[in-house]
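One is the number of the first residue; the rest follow in order along the sequence.
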Amino acid sequence: MSSFNYIDGELHAEQVSLRQLAAQFGTPLYVYSRSELERQWRAMDEAFGDYPHQIYYAVKANSNLAVLQVLAQLGSGFDIVSGGELQRVLAAGGGAEKVVFSGVAKSEQELELAIREGVHCINAESEAELNRIQLVASRLQTTARVGLRINPDVDPKTHPYISTGMAEAKFGINMQAALARCRTAVDLPNVEIIGIACHIGSQIVTTTPFTEALQCVLEFVDQMQDLGISLQHLDLGGGLGIDYNGESPPSAQQYVGAILSCLHDRGVTLPVGIEPGRFICANAGLLLTQVEYLKSNGDKRFAVIDAGMNDLLRPALYQAEHRIVNVIESAPSQKCLDVVGPVCESSDVMARQCNIAAAPGDLLAIMSAGAYGFGMASNYNSRPRAAEVMVQNDRSSLIRRRESFEDLVRGEQFFEAD
Ligand code: LLP
């Protein structure tokens with residue numbers, strides 16, 4: 001069941017008319033369903049049954065304060081990759097004690113903020129980073145809780161740009177070095193190793209890569225126990241894929257079921273954390289856009305829309321395929337066209353060879369845009385970033401206003417010789 005359905009021939013977000021939202025807030029416009037966010041989060045949470053676990057929502061997928069607040073109110077934890085994300089979580093009412101800090105390049109300032117705020121765990125990705133955590137924690141005269149992020153060298157069979165757990169990736173500590181890093185960490189007086197972390201990639205559509213990675217993690221758990229380290233949790237990262245355009249990824253139950261059965265087979269009862277991003281919010285959002293022009297170049301036909309790669313980068317960057325549908329239900333066109341954005345780049349194509357019926361002024365919805373949509377938006381071509389609206393039942397609320405020219409130039413100043 002989706003939260004975006006046609007009611008009397010018009011696409012709605014829950015019970016709110018998208019045509020009315022476009023009239024009220026303009027386009028391009030991100031629209032999120034609050035109920036869908038909740039449903040997805042609960043599906044993941046409930047799949048664990050009574051197995052001890054924590055969901056750490058990956059903030060990078062969609063970091064709007066209103067989205068974070070919905071999840072914080074459900075009891076979610078958060079996976080962050082910067083000081084900015086931590087500040088967002090705290091501003092939205094999330095608790096630092098439910099935050100894990102991932103990422104390959106945590107700065108001293110970011111570590112200091114994270115340690116001061118008391119995050120649950122910092123996932124270290126290198127020896128150099130362990131040493132930096134030690135330095136900052138000793139300066140603050142405290143002990144930092146740390147997880148080691150291992151790189152299990154598993155192919156997640158996804159787009160290369162979002163594969164993170166293969167040997168050649170910059171992420172994690174490779175399995176050969178991991179035990180040595182562990183020994184280093186044990187000797188650091190202000191570092192306490194509490195967990196192992198692993199994240200192999202994103203938009204993964206079968207359970208096998210996850211269970212292969214988990215086997216590596218579990219082998220490593222045994223080795224750590226031999227060193228006398230008792231772990232408090234396993235952090236298995238995010239990465240569960242969604243249906244963008246016909247994929248059939250595992251359900252939350254199948255995904256969690258596969259994890260729990262591996263743990264059960266090995267007799268492991270440690271608490272588990274997972275860091276889903278896309279699964280929670282991708283299908284809870286769409287990007288509403290208007291057709292500006294139709295044009296043909298030779299045999300090629302284009303619908304030029306008012307949303308571009310600066311608003312939704314995924315098609316240009318990952319050749320991602322998002323479904324595009326008419327807001328006013330229409331029969332498919334006999335003729336194919338490319339749906340293209342206004343940005344001055346040939347890669348600014350939202351979809352190729354669509355059968356969509358499009359006329360100037362028509363509203364289109366680019367589906368599954370709730371994750372890595374607004375969060376990756378930029379001001380390229382000096383385009384103000386879109387507004388964001390959240391709906392629930394028949395109510396809607398502006399959760400980020402459209403940017404203005406003043407927003408575009410905020411912080412800039414003319415050259416002044418001194
Ligand atoms: N945990 C860590 C450490 C991560 O690096 C990521 C995503 C996640 C969790 C969440 O993964 P998810 O459950 O959302 O797949 N911009 C790309 C996706 C980049 C993902 C980066 N890391 C896209 O639009 O597909």
| request: Working to the nearest 0.5 Å, report the span between CG of Asp153 and CG of Asn174. | output: 8.5 Å

| request: Could you tell me whether the side chain of Arg402 and the main chain of Pro28 form a donor-acceptor pair under 3.5 Å? | output: yes

| Residue list, salt bridge (Lys or Arg N to Asp or Glu O under 4.0 Å) with Arg323, at least two apart or on another chain | Asp243

| request: Please identify each residue that fulfils side-chain contact (heavy atoms from CB on, under 4.5 Å) with Arg385, with sequence neighbours left out. | output: Phe374, Ala377, Asn379, Arg400, Glu403

Which atom pairs, donor and acceptor, lie under 3.5 Å between side-chain atoms of residues 204-220 and protein residues at least two apart or in another chain?
from   : atom 1 : to     : atom 2 : distance (Å)
Thr211 : OG1    : Thr207 : O      : 3.4
Thr211 : OG1    : Thr208 : O      : 3.0
Gln215 : OE1    : Arg266 : NH1    : 3.1

| query | What residues form a side-chain hydrogen bond (donor to acceptor under 3.5 Å, both in side chains) with Gln134, not counting sequence neighbours? | reply | Asn190

| task | Mark yes when over 12 heavy atoms from residues, nucleotides or ligands other than Asp222 sit less than 6.0 Å from its CG; otherwise mark no. | result | yes

| message | Less than 3.5 Å apart, any donor N or O on the side chain of Glu10 or Ser17 sitting next to an acceptor on the other? | response | yes

| task | Look only at the side chain of Thr27 and the backbone of Ala22, and say whether a donor-acceptor pair between them is shorter than 3.5 Å. | result | no

| field | Within 6.0 angstrom of Tyr51 OH, more than 12 heavy atoms from elsewhere | value | yes

| message | Going by side-chain hydrogen bond (donor to acceptor under 3.5 Å, both in side chains), name the residues that satisfy it together with Glu108, two or more places apart in sequence or in a different chain. | response | Arg139

| request: Assess whether atom CD of Glu321 is packed by more than 12 heavy atoms of other residues, nucleotides or ligands within 6.0 Å. | output: no

| request: Please say which of Glu14, Gln392, Arg39 ends up in a side-chain hydrogen bond (donor to acceptor under 3.5 Å, both in side chains) with Ser3. | output: Arg39

| task | For this output row, return yes or no: ring centroids of Tyr161 and His159 closer than 6.0 angstrom. | result | yes

| query | How would you list, by chain and number, every residue that makes a side-chain contact (heavy atoms from CB on, under 4.5 Å) with Glu125, sequence neighbours excluded? | reply | Val104, Lys106, Glu129, Arg149, Phe171

| task | Return the set of residues passing salt bridge (Lys or Arg N to Asp or Glu O under 4.0 Å) with Arg145 (not counting sequence neighbours), or none when no residue passes. | result | none

| field | Among Tyr56, Tyr57, Trp41, the one residue meeting side-chain hydrogen bond (donor to acceptor under 3.5 Å, both in side chains) with Ser76 | value | Trp41

| task | Could you tell me whether Lys300 atom NZ has more than 12 heavy atoms of other residues or ligands within 6.0 Å of it? | result | yes

| request: Before accepting this row, confirm whether a basic side-chain N of the pair Arg410/Glu406 lies closer than 4.0 Å to the acidic partner's carboxylate O. | output: no

| request: Please determine if Glu85 and Arg88 form a salt bridge, counting it only when a charged side-chain N lies under 4.0 Å from a carboxylate O. | output: no

| When rounded to the nearest 0.5 angstrom, what is the spacing between CG in Leu234 and CG in Leu270? | 5.0 Å

Give every donor-acceptor pair under 3.5 Å between a side-chain atom in residues 111-123 and any protein atom, sequence neighbours left out.
from   : atom 1 : to     : atom 2 : distance (Å)
Glu112 : OE2    : Arg116 : NE     : 3.3
Glu112 : OE2    : Arg116 : NH2    : 2.9
His120 : NE2    : His233 : ND1    : 3.1
Asn123 : ND2    : Asp235 : OD2    : 3.2

| Got Val67 and Glu388 here, is their nearest side-chain heavy-atom distance under 4.5 Å? | no

| query | Who are the side-chain hydrogen bond (donor to acceptor under 3.5 Å, both in side chains) partners of Glu46, not counting sequence neighbours? | reply | none

| Distance-minimising heavy-atom pair for Ala124 and Leu130 | CB-CD2, 3.8 Å

| How would you list, by chain and number, every residue that makes a side-chain contact (heavy atoms from CB on, under 4.5 Å) with Gln24, sequence neighbours excluded? | none

| Side-chain touch Ser368/Leu286, heavy atoms, less than 4.5 angstrom | no

| field | Sequence-distant partners of Val343, side-chain contact (heavy atoms from CB on, under 4.5 Å), two or more places apart | value | Met309, Asn310, Glu345, Asp348, Tyr380, Asn381, Arg383

| query | CD of Gln253: more than 12 outside heavy atoms within 6.0 angstrom? | reply | no

| request: Please list, chain by chain and in numerical order, all residues satisfying side-chain hydrogen bond (donor to acceptor under 3.5 Å, both in side chains) with Gln353, sequence neighbours excluded. | output: Asp338

